[in-house]
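Quick notes on the structure that follows.
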Amino acid sequence: AMERNVHPGEWTWSNIATMRAQLKRLGFALDWSRELATCDPAYYGHEQALFLDLFEAGLVYRKESEVNWDPIDMTVLANEQVIDGCGWRSGAAIERRKLSQWFLKITDFAEDLLEGLGDLDEWPDKVRLMQENWIGKSRGLQFRFALTSPLPLAGGAGGGPVGKLDGETIPPLTPPASGRGIDSIEVFTTRADTIFGASFVAIAADHPLARAVADRDEAAAAFIAECKRGGTTAAELETAEKKGFDTGLQVVHPLDSAVRLPVYIANFVLIEYGSGAIFGVPGHDQRDYEFATRYHLPVRRVVAASRDQAGEPIGSAADPVHGVAVNSQFLDGMPTAQASVEIIRRAEAGGWGQGKVQYRLRDWGVSRQRYWGTPIPIIHCARCGPVAVPRQQLPVILPDDVAFDLPGNPLDRHPSWQKVDCPQCGAAARRETDTLDTFVDSSWYFIRFASQPGDQPFDRAEAESWLPVAQYIGGVEHAILHLLYARFWTRALNRIGRIGIAEPFKGLFTQGMVTHETYRSVDGRWLAPDEVNDAAGGTLVEAATGSAVERGRTEKMSKSKRNTIDPEPIVDRYGADAVRWFMLSDSPPERDLEWSESSIEGSARFVQRVWRLVIDVGAGAGSDPQIDRKLHRAVAAVGDAIDGLQFNKAVAQLYELVGALEKAAPSASRSIAIRTLVRLISPMAPHLAEECWAQLGGEGLVAGADWPAHDPAMLIDDQVTIAVQINGKLRDTLTAARGLDQAATEALALASDKVQRQLQGANPRKIIVVPDRLVNIVA
RNA sequence: GCGGACGUGGCGGAAUGGUAGACGCUGGAGACUUAAAAUCUUCUGCCCCACUGGGCGUGCGGGUUCGAGUCCCGCCGUCCGCACCA
């Protein structure tokens, strides 16, 4: 909006209109009566009602969470918009800031979402695997390390609530039970068997203990500040150099009170996972190894392939072996898995720890500090806290009269929109100005497509008559987030009794992305392909200025990189069917497609070839067995390919059929085949097919005609080609009648001149015969 | 860094462990034409040979098998995702 000086609503609605026109022009057979827009209050009002349903069911809560804050644009930035620690528009150094935000309790469904994957047998294995890893279930040991001396809580920083769970405020992870301060650190490990190899304890920069240390230690505070300077993405955190700060605190080893471990604040420990603290085992974890080497901490072997290798030193890298425990007192000789179980048993018996199932999955933060989104239907009252907007006041409509001339969220500056009375006590209160993540919009739209009553989000019976979605199609980039959110939303509605299905999508197909080269001007602006011209010597220049253009990587088409192609001119030039045919013909749909127009000429030619066949169909008589066979094969193969979503193979089959028909002499068979061809191309080239159908005097529309049937007997040839190999190398091919037995096939192969020449009189040692296919002679 | 995938001619790609390169694009040669376009015929993985033929070839290195693009192990490269792009 700021860049183009256009209201985002105007911009969005005009884009919708453009895209709708493009889809219609391409002839997609969609039920337009069900079209919806998620930015329409008629949609998002129902979304607000569903949000309140989840709120009332205790599946929504508020907690503090870190965001990328741009101090100049006064806005939160997406990870994608932070480049080398700076805002993409302002260039300002980005700060990590804590904001109080709304979360959905997807972690309540971690086990359900994991188990549910097992029933999704029409999903690609890779997507199920990615979701399984994302949910990240692991079993391990949770326990507390006792600090040698408790750390008093100074000031305010250490003692505040970490967050709210289950509606109640939970105390800091380490409760100052005695009132004297923090006296222990809770850790979680999946490798309890390595506990005797621990050389340090590391806590996240956001850990309450770290904050307490920072309160009395400036160096610690500086280190924490440094940790917060980098980006917030997992990739950045994990690739950053492993750094730590020695707090000077020590903890006691739970199984050997003589052993003391130092406590570090470390930049690679995540507060979101587990309890935000770990113990490090440098001998068997590469990250811990690097950390220990850097800070001169002991590296001990506590696992070995066998017991007699207990003395083997750890070399220049960690040894991630699963074997038996060594140098571990009572565990020595115990296999890794059993040793873990034994430690957990002892921890539980001794009361210092317990076995725990841990998930990597985190709750879903849905607050966005942006104007263009679904307003979160909550009112903040100084006395009552956050209160749901009463149902009869829904939808909470996003105001149109906002200005984008100043930095920050325009909702925060709106003169009246925020001001409301508390629905509970009637006192002056303030509307929530955060809007919902647009992923929420896409987490239930499929239900709304199925059922669109005006007075509620959906009619249960009507929705259930359609759902689950039989065949969902989306880019593989949605394999985790969108698909997991939609699954969660459906399960949440199911749990609160709103719908009788647990899984939204029965079948899933993940298509590849359309990619294109990217272009950058000398001053670093992204250029669209139509702003770039070819210059001499294979170089590129900017069309408007003639200055040099840097050719960038080929990547998925995106608005931010501007490497998109406008389909309109291509449709203008070649027609909708040529474009459809072209898009389907080249690449298998699950694979990425690098956009190029080079083969669209071939598609346009194909349209003409089909038309020529139809207008010259003639009135041939008599049958042509070869054409009959070709046709039945094509009918079978095209049908199979379409059922398997292998459109490129269907297209190849049709090219073959057309090629054969062009060469064939007129016959009744050929005339029938041409009529059948029109039905076969109709899914891919519907406009052409209808025109051909009318030309051939077909009844009604080809779209309404039955799909042609084929005779399975016609698929089998009575002649087969047999490959003859010597030592696996092809030496000859022979034509023979189908169904020849092994001995006869072998004799035929040995009779071949080429085989005899190769063998030079030697006796074959072994002959493998695959009937009707192949003979391999081992000489 | 972690998780997931992919890698086949000049290009897009095809191949239930059994004839690698179907089909399309590009390119070459020819026909038709005054000419061009369109159309048609034909060739087109690489190398030797330039006939009958032979050798090499599916990212790299091993392995299993009568036989590997396909299965197994180890590398390399590229792409997608990593929780605020959606």
Side-chain angles (χ1 to χ4, degrees), chain A residues 65-68 76-82 101 106 124-127 129-134 136 232-240 242 268 272 286-287 360-370 437-439 441-442 474-482 484-485 510 512-513 515 553-556 558-560 581-582 585-588 590-594 596-603 605-606 608-609 612 646 648-649 651-656 659 662 721-733 753-754 757 764-768 770 773-779:
Chain A
S65 167
E66 238 171 25
V67 295
N68 304 306
V76 174
L77 296 184
N79 287 327
E80 173 187 70
Q81 299 165 335
V82 180
Q101 310 207 64
I106 191 171
D125 288 343
K126 64 172 176 181
V127 175
L129 190 57
M130 281 191 266
Q131 292 217 347
E132 186 182 325
N133 290 335
W134 187 260
T232 56
T233 70
E236 278 177 286
L237 294 174
E238 286 165 38
T239 49
K242 311 292 173 274
F268 60 86
E272 287 92 357
Q286 188 57 28
R287 191 181 57 188
R360 205 185 69 101
L361 184 67
R362 304 203 301 259
D363 276 333
W364 175 15
V366 293
S367 285
R368 296 291 181 273
Q369 297 69 40
R370 302 197 203 289
D437 180 4
T438 51
F439 267 131
D441 301 334
S442 58
V476 69
E477 72 273 24
H478 292 301
I480 294 174
L481 292 179
H482 162 61
L484 201 61
Y485 292 148
T510 53
M513 284 164 298
T515 63
R553 296 192 310 149
T554 293
E555 49 192 314
K556 75 168 169 175
S558 72
K559 281 180 283 188
S560 54
W581 189 261
F582 163 65
S585 65
D586 262 1
S587 206
E590 70 275 13
R591 212 185 279 195
D592 284 354
L593 169 74
E594 190 178 343
S596 102
E597 283 180 55
S598 62
S599 65
I600 196 164
E601 303 273 355
S603 302
R605 263 204 292 272
F606 179 79
Q608 301 303 327
R609 286 166 70 188
R612 277 198 299 273
Q646 299 172 302
N648 57 323
K649 288 201 230 166
V651 163
Q653 285 293 332
L654 289 165
Y655 270 118
E656 285 199 56
E662 283 169 341
T721 306
I722 293 171
V724 183
Q725 300 178 330
I726 295 174
N727 296 332
K729 278 196 197 307
L730 183 72
R731 294 300 175 187
D732 201 3
T733 53
D753 287 351
K754 292 174 183 171
R757 203 184 315 142
R765 286 194 288 136
K766 190 174 174 185
I767 298 178
I768 286 108
V770 181
R773 289 211 75 139
L774 165 143
V775 178
N776 187 15
I777 298 163
V778 185

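Order of the sequence lines sets the chain letters (A, B, ...), proteins ahead of strands, with each chain counted from 1.
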Expressed as a whole number of angstroms, how long is the span from [X]:[atom1] to [N]:[atom2]?
{"X": "I106(A)", "N": "C84(B)", "atom1": "CD1", "atom2": "P", "answer": "11 Å"}
{"X": "E590(A)", "N": "C80(B)", "atom1": "CD", "atom2": "P", "answer": "17 Å"}
{"X": "E132(A)", "N": "C82(B)", "atom1": "CD", "atom2": "P", "answer": "20 Å"}
{"X": "N68(A)", "N": "C82(B)", "atom1": "CG", "atom2": "P", "answer": "14 Å"}
{"X": "Q608(A)", "N": "U39(B)", "atom1": "CD", "atom2": "P", "answer": "8 Å"}
{"X": "R287(A)", "N": "G1(B)", "atom1": "CZ", "atom2": "P", "answer": "14 Å"}
{"X": "E477(A)", "N": "C79(B)", "atom1": "CD", "atom2": "P", "answer": "16 Å"}
{"X": "Q101(A)", "N": "A83(B)", "atom1": "CD", "atom2": "C1'", "answer": "12 Å"}

How far does the [atom1] atom of [N] sit from the matching atom of [M], given to the nearest Å?
{"N": "C72(B)", "M": "G54(B)", "atom1": "C1'", "answer": "33 Å"}
{"N": "C6(B)", "M": "G69(B)", "atom1": "C1'", "answer": "13 Å"}
{"N": "U70(B)", "M": "A38(B)", "atom1": "P", "answer": "41 Å"}
{"N": "G18(B)", "M": "C23(B)", "atom1": "C1'", "answer": "22 Å"}
{"N": "A50(B)", "M": "G12(B)", "atom1": "C1'", "answer": "32 Å"}
{"N": "C73(B)", "M": "U64(B)", "atom1": "C1'", "answer": "11 Å"}
{"N": "G67(B)", "M": "A83(B)", "atom1": "P", "answer": "49 Å"}
{"N": "G3(B)", "M": "A20(B)", "atom1": "C1'", "answer": "33 Å"}

Which nucleotide wins on minimum distance to the side chain of [X], given the candidates [options]?
{"X": "V778(A)", "options": "C23(B), U26(B), C66(B)", "answer": "C66(B)"}
{"X": "V476(A)", "options": "C80(B), G54(B), C84(B)", "answer": "C80(B)"}
{"X": "W134(A)", "options": "C82(B), G3(B), A20(B)", "answer": "C82(B)"}
{"X": "N648(A)", "options": "A83(B), G53(B), G13(B)", "answer": "G13(B)"}
{"X": "R370(A)", "options": "C84(B), G24(B), U19(B)", "answer": "C84(B)"}
{"X": "R368(A)", "options": "A83(B), C84(B), C66(B)", "answer": "C84(B)"}
{"X": "L730(A)", "options": "A86(B), C84(B), A20(B)", "answer": "A20(B)"}
{"X": "R591(A)", "options": "G4(B), A83(B), G13(B)", "answer": "G13(B)"}
{"X": "L774(A)", "options": "G3(B), C85(B), U19(B)", "answer": "U19(B)"}
{"X": "D437(A)", "options": "C82(B), G13(B), A86(B)", "answer": "A86(B)"}

Base, sugar-phosphate or nothing for [X]? Non-hydrogen atoms, less than 4.0 Å.
{"X": "G659(A)", "answer": "nothing"}
{"X": "Y655(A)", "answer": "sugar-phosphate"}
{"X": "R731(A)", "answer": "sugar-phosphate"}
{"X": "Q725(A)", "answer": "base"}
{"X": "N776(A)", "answer": "base"}
{"X": "T721(A)", "answer": "base"}
{"X": "S587(A)", "answer": "sugar-phosphate"}
{"X": "K242(A)", "answer": "nothing"}
{"X": "Q653(A)", "answer": "nothing"}
{"X": "I722(A)", "answer": "nothing"}

- [ ] Classify the angle between the aromatic ring planes of F606(A) and W581(A) as parallel (below 30°), tilted (30 to 60°) or perpendicular (above 60°).
- [x]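 Plane angle under 30°, so parallel.
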Applying a 3.5 Å limit to both distances, which nucleotide forms a Watson-Crick or G-U wobble pair with [N]?
{"N": "A29(B)", "value": "U41(B)"}
{"N": "A35(B)", "value": "none"}
{"N": "G1(B)", "value": "C82(B)"}

Open item on the list: Would you say that L481(A) contacts W134(A) through its side chain, given a criterion of any heavy-atom pair below 4.5 Å between the two side chains?
Closed with: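 Contact flag for L481(A)/W134(A) side chains = yes.
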- [ ] Applying side-chain contact (heavy atoms from CB on, under 4.5 Å), run through N727(A) and V778(A) and close with a yes or a no.
- [x] CA-CA 5 Å; N727(A) 296 332; V778(A) 185; 3.9 Å; yes
Can you tell me how far the [atom1] atom of [X] sits from the [atom2] atom of [Y], to the nearest 0.5 Å?
{"X": "L730(A)", "Y": "N776(A)", "atom1": "CG", "atom2": "CG", "value": "10.0 Å"}
{"X": "M130(A)", "Y": "T510(A)", "atom1": "CE", "atom2": "OG1", "value": "7.0 Å"}
{"X": "S65(A)", "Y": "Q101(A)", "atom1": "OG", "atom2": "CD", "value": "5.0 Å"}

- [ ] Decide, for G9(B), between syn and anti: a glycosidic angle within 90° of 0 counts as syn, anything else as anti.
- [x]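 Classified syn.
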Write down the atom of [X], the atom of [Y], and the distance for their closest heavy-atom approach.
{"X": "P764(A)", "Y": "I777(A)", "value": "CB-CG2, 3.5 Å"}
{"X": "V76(A)", "Y": "R370(A)", "value": "O-NH1, 3.2 Å"}
{"X": "I480(A)", "Y": "Q131(A)", "value": "O-NE2, 3.7 Å"}

Each nucleotide N or O in nucleotides 15-17 of chain B that has a protein N or O under 3.5 Å away: list the pair and distance.
from	atom 1	to	atom 2	distance (Å)
A15(B)	OP1	K649(A)	NZ	2.3

- [ ] Would you indicate, yes or no, if C56(B) has its OP1 or OP2 atom less than 4.0 angstrom from a side-chain nitrogen or oxygen of K729(A)?
- [x]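 Looking at the OP1 and OP2 atoms of C56(B), one of them is under 4.0 Å from a side-chain N or O of K729(A).
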